[in-house]
Amino acid sequence: DAGVTQSPTHLIKTRGQHVTLRCSPISGHKSVSWYQQVLGQGPQFIFQYYEKEERGRGNFPDRFSARQFPNYSSELNVNALLLGDSALYLCASSQIHASTGEQFFGPGTRLTVL
Amino acid sequence: GQNIDQPTEMTATEGAIVQINCTYQTSGFNGLFWYQQHAGEAPTFLSYNVLDGLEEKGRFSSFLSRSKGYSYLLLKELQMKDSASYLCAPQDFNKFYFGSGTKLNVKP
């Protein structure tokens, strides 16, 4: 069985640009969460989607947005990129609502903003 | 808001037992997860505690005290492959918090 997949693996952007990151959950999983992980820190929660609706949002500016599609895949969009947005972006899926079930993480997208 | 505190780094010997502590304060609480993260890899699930007490899973055990805002992860019979970061992650229903992680170094 395929695990959580994310694309692209690596991405380089310049300040002010826009980026879209993609995530495909494990088949049958209905919940997708997004995290930002800076080197040496734990993942910071950005969004949780369950059954295509936003169910939770972390302390990130409105430049960050996301959506979940009918097939439960998800996109994370970041506008007006800043140098500080450089990080590993992790997607995690779970079969049920993420707060009550194990989350399976994808390999992440490494974003570098120059 | 939330505050999660765990030691930055620990060192232990192969075959020994190590306990990684975590204290937390979150606006809501639904349960607590522990994840393992090897360098350059994604986190992987280790344990989940909802009620007070000890959950045992092979060489790994996790304890929770909700009233004290305290949890620990116990690793027995340490192996070299256990060298990794261990993330304490208290959750409320719709928000998920991770600590900065404890880097465990297992030496021969």
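Owing to the predicted nature of the structure, the values given are computational and were not obtained by experimental measurement. Within every chain, numbering begins at 1; the chains are lettered A, B, ... in the order of the sequence lines, protein sequences first and strands thereafter.
For Lys107(B), the NZ atom is loosely surrounded, since the number of other residues' heavy atoms within 6.0 Å does not exceed 12. The environment of NZ in Lys13(A) is crowded: more than 12 heavy-atom neighbours from other residues, nucleotides or ligands sit within 6.0 Å. In this structure, Arg63(A) places its CZ atom where more than 12 heavy-atom neighbours from other residues, nucleotides or ligands lie under 6.0 Å away.
Residues Leu88(A) and Leu11(A) fall into different hydrophobic clusters, defined by Ile, Leu, Val, Met, Phe, Trp and Tyr side chains chained together at heavy-atom separations under 4.5 Å. If you chain together hydrophobic residues whose side chains sit under 4.5 Å apart, Leu39(A) and Tyr35(A) never meet in one group. Leu78(B) and Leu73(B) fall within the same hydrophobic cluster, where Ile, Leu, Val, Met, Phe, Trp and Tyr residues are linked whenever their side-chain heavy atoms come under 4.5 Å apart, directly or through other members.
For the side chain to side chain contact (heavy atoms under 4.5 Å, CB included) with Gln103(A), the qualifying choice from Phe33(B), Tyr35(B), Tyr48(B) is Tyr35(B), the only one to do so.
In this structure, Phe105(A) has its ring center no closer than 6.0 Å to that of Phe45(B).
There is no contact between Arg110(A) and chain B, counting heavy-atom distances below 4.5 Å.
Ranked by non-hydrogen atom pairs under 4.5 Å with chain B, the options Gly40(A), Gly56(A), Gly42(A) are led by Gly42(A).
Smallest separation of non-hydrogen atoms from Pro43(B) and Pro43(A): CG-CG, 4.4 Å.
From Ser100(B), atom OG reaches atom CD of Gln37(A) across 10.0 Å, with rounding to the nearest 0.5 Å. Rounding to the nearest 0.5 angstrom, the gap separating the CG atom in Leu90(A) from the CZ atom in Phe98(B) is 8.5 Å.
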